[in-house]
Each structure stands twice: as structure tokens, then as C-alpha cells.
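Okay, so here's the structure we're looking at.
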Amino acid sequence: MATEWGNSLAYDEYHVGSTQVDLKEQQAHHLKAEAEFRRLKALKDAELAKKQKVLLEAQLNEKAISIQLQGVNSVGSSISNMTTTSALMMGFSATILVELVIQNANNYPWLVYILWITALVTIMVLLNVIFVSTVILSDGIYLAYQGNKGLDDVKRALLGMLSMRSEVSKTFLFAFCSFTFLVLCAIWVKIDNESPYGENGDFTAGDIATGTLCTIFWIIAMSRTFAMYKATKEKFGLDSNENQNHTTAKTTKTPQVSNDSLKENSNVNDSSNDPMIDHP
């Protein structure tokens, strides 16, 4: 009887032990499965975060490109306006050169030569403005929209157009002044050639007063133009900003070596020079 009870007790203990072993194995399997699930979830979260980062960078890059393209279009519109105005002034200059009939330049015949020279210079300078502006617009817009480097090409196109716009505006200002001087010369030549009251082509007091008054108005207008041009440049600092942007675009960054890498290199050199270490 005691033997049967002992055997039953031993069997129960064995059964309990085996059950505990099975429970521990199941628990370990469950923990392993849970760890694998967490690992896979972490990998998916990391992949999702990476995709979200790439998407965010693409959106920011697209927005930056859109802003830069707006700048390109604005600068292109400014240059296009100067081109249109130059074409109109060139047409008026050619009209003055061709259509102005000179029969008798009695008092100041040298004004006719000044008129011809000024007309030719004005037309050539205006042609220069039109040609350079056309090249800037075609090349700049092509680089901005057809470049292979994305945002870098758009920035390069914008900075290039800004730097060249300053040169074109200076040439345009010179052409504008030359055009107004051409109109002034045309007025003097017409007074000399078509004086309504002068006998034998001589200047009258009214002729001289009219020419002098036109000259004074021209001087005042040109002085006002130069003063406003200088004040605008000083107000907005256009030349300094454009030169700074153009210089920044040309500069390159030099790589810097961190202190950690220097320490690692020094440790490697020290270990290689240590006589207690056997080196292959």
C-alpha cells in the first residue's frame, strides 16, 4: 500500500515537473514569438519612417524648386520688360535717323553729325540690350526647367540671371540717356533747319529760348533719373546683394575632420608603435 502511494506520488511529481517544463517551453516560445513580432514591427516602423522622410524631403525640394522658379519667372519678366522698351526706343531712334529731313543746317551744321552719331550709338546699344537679354532669358529658362540637377540648376539659373540683370540694367540706363540726348539733338536740328521766323535761316530769340528751355528740361530730367537710380540702389542694396549671391554660388565647402576621427587615428598610430604588441 505504501509502495503504491509512493509510486502515485512520484508519478504526480513527474507529471507536475513535465507540465512545468512544457509551460516554460511554451512561455519561452511565446516570448520568442513576441520578440520576433516586435522586431518585425520595429523594422516596418523604421521603413515607414524612412519612406515618410523621403516623401517629406521630396515635398520640401519641390516647394523650394517652385519658389526658385517663381524668382526665375520674376527676373525673366523684368528683363523682358527692358527688352520690349529697348525695342520701342530703337524703333523711334531709327525713325529719327531716317525720317528727319535736313535741308538747311545754317547755324550749327555740326549738330547734324552729332545727331547721326548719337542715333547710331543709341541703336547699337539698344541692340546690345535686346541681344543679351534674349540670350539670358533663353539660357536661364532652359537651365531652370531642363537642367539635370534639379534644385541646384534652378538656383544657378536664378543667380546667373540676377547677376546678368544688373549688367543689362546698366546698359539699358546708358541707352535710355543716349536716346533722350538723341531727342534733344533732333529738337535743335529741327530748330536750326525749320526756324519759322528766322530770315535766311538765322536763329531768332524765340528759337534760342526754345532750344535752351528744352536743354534745361533735359538736364533736370536726367539729373532726377540718376538721383532716383542711385537712391534705389542704396535703398535696396541691389548690387551688393547680387554680388554676394553670385560669390556664394561660386564658393565651395572644404571638408572638416572631426576630433573623434583624429583621436582614432592617433590611437591606431600609438598601438602600431607599441613594442609590446606583436604585429603581423
Side-chain angles (χ1 to χ4, degrees), residues 30-87 128-172 232-268:
H30 177 72
L31 292 175
K32 183 178 180 181
E34 185 178 0
E36 182 67 17
F37 173 75
R38 290 180 178 177
R39 187 182 69 84
L40 294 176
K41 186 176 182 300
L43 291 176
K44 289 184 179 180
D45 291 341
E47 185 178 359
L48 179 61
K50 184 177 180 181
K51 291 182 179 180
Q52 290 178 349
K53 180 181 178 182
V54 173
L55 179 61
L56 182 60
E57 289 178 353
Q59 292 176 350
L60 292 175
N61 190 25
E62 182 180 359
K63 187 175 181 180
I65 290 176
S66 177
I67 294 174
Q68 296 291 330
L69 286 177
Q70 291 178 3
V72 171
N73 294 331
S74 299
V75 177
S77 177
S78 175
I79 296 176
S80 179
N81 291 335
M82 286 190 289
T83 303
T84 303
T85 307
S86 298
N128 177 264
V129 172
I130 295 173
F131 175 77
V132 175
S133 299
T134 303
V135 173
I136 293 172
L137 289 174
S138 60
D139 292 348
I141 293 176
Y142 177 82
L143 178 62
Y145 285 92
Q146 299 293 330
N148 297 324
K149 297 181 180 180
L151 182 60
D152 293 335
D153 285 336
V154 178
K155 287 183 178 180
R156 191 157 62 92
L158 178 59
L159 292 177
M161 292 177 69
L162 284 173
S163 62
M164 294 303 298
R165 188 201 64 83
S166 177
E167 300 298 327
V168 173
S169 64
K170 292 177 182 178
T171 307
F172 176 78
T232 303
K233 291 293 184 179
E234 293 178 352
K235 182 70 175 179
F236 298 102
L238 296 178
D239 289 336
S240 60
N241 290 334
E242 290 173 1
N243 293 331
Q244 183 178 2
N245 292 332
H246 190 60
T247 305
T248 305
K250 290 183 177 181
T251 57
T252 56
K253 295 181 179 180
T254 57
Q256 296 180 355
V257 181
S258 61
N259 294 328
D260 295 336
S261 61
L262 292 175
K263 290 180 180 179
E264 291 178 1
N265 293 331
S266 62
N267 292 332
V268 171

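Ser133 approaches Ile79 most closely through the heavy-atom pair CB-CG2, 3.5 Å. Counting all heavy atoms, side chain and backbone alike, Ile130 lies closest to Ser86 at CG1-CB, 3.8 Å. Scanning both residues, Ala157 and Gly140, for their nearest heavy atoms gives CB-O, 3.5 Å. Residues Ser163 and Gly160 come closest through the heavy atom pair OG-O, 2.8 Å. The minimum heavy-atom distance linking Met82 with Ser169 is given by the pair SD-CA, 3.8 Å. Closest non-hydrogen pair, Val154 versus Ala144, comes out as CG2-O, 3.4 Å.
Arg38 contributes atom CZ, which lies 10.0 Å from atom NZ of Lys41 (distance to the nearest 0.5 angstrom). The distance from the CG atom of Leu55 to the NZ atom of Lys51 is 11.0 Å, given to the nearest 0.5 Å. Remark: Ile141 CD1 to Asn73 CG distance equals 7.0 Å, nearest 0.5 Å.
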Where do Gln59 and Lys63 land on the side-chain contact (heavy atoms from CB on, under 4.5 Å) test, with the steps shown first? CA-CA 6 Å; Gln59 292 176 350; Lys63 187 175 181 180; over 6 Å; no
Start with the C-alpha distance between Thr171 and Val132, add both sets of side-chain angles, then the distance that settles side-chain contact (heavy atoms from CB on, under 4.5 Å), and finish with yes or no. CA-CA 10 Å; Thr171 307; Val132 175; over 6 Å; no
Using the rule given for side-chain contact (heavy atoms from CB on, under 4.5 Å), can you reason through Met161 versus Leu137, listing the C-alpha separation, both sets of side-chain angles and the distance that settles it, and then say yes or no? CA-CA 8 Å; Met161 292 177 69; Leu137 289 174; 4.2 Å; yes
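Using a 4.5 Å heavy-atom threshold, the side chains of Val129 and Thr83 count as separate.
At least one donor-acceptor pair under 3.5 Å links the side chain of Ser138 to the backbone N or O of Thr134. Checking side-chain atoms of Ser166 against main-chain N and O of Leu162 turns up no donor-acceptor pair under 3.5 Å. A distance-only check finds no donor-acceptor pair linking the side chain of Ser66 to the backbone of Glu62 [under 3.5 Å].
A salt bridge is defined here as a Lys NZ or Arg NE, NH1 or NH2 lying under 4.0 Å from an Asp or Glu carboxylate O, and Glu47 with Lys50 fails to meet this definition. A salt bridge does not link Asp152 with Lys155: every distance from a Lys NZ or Arg NE/NH1/NH2 to an Asp or Glu carboxylate oxygen is 4.0 Å or more. For the pair Lys32 and Glu36, the salt-bridge criterion is not met [side-chain N within less than 4.0 Å of a carboxylate O].
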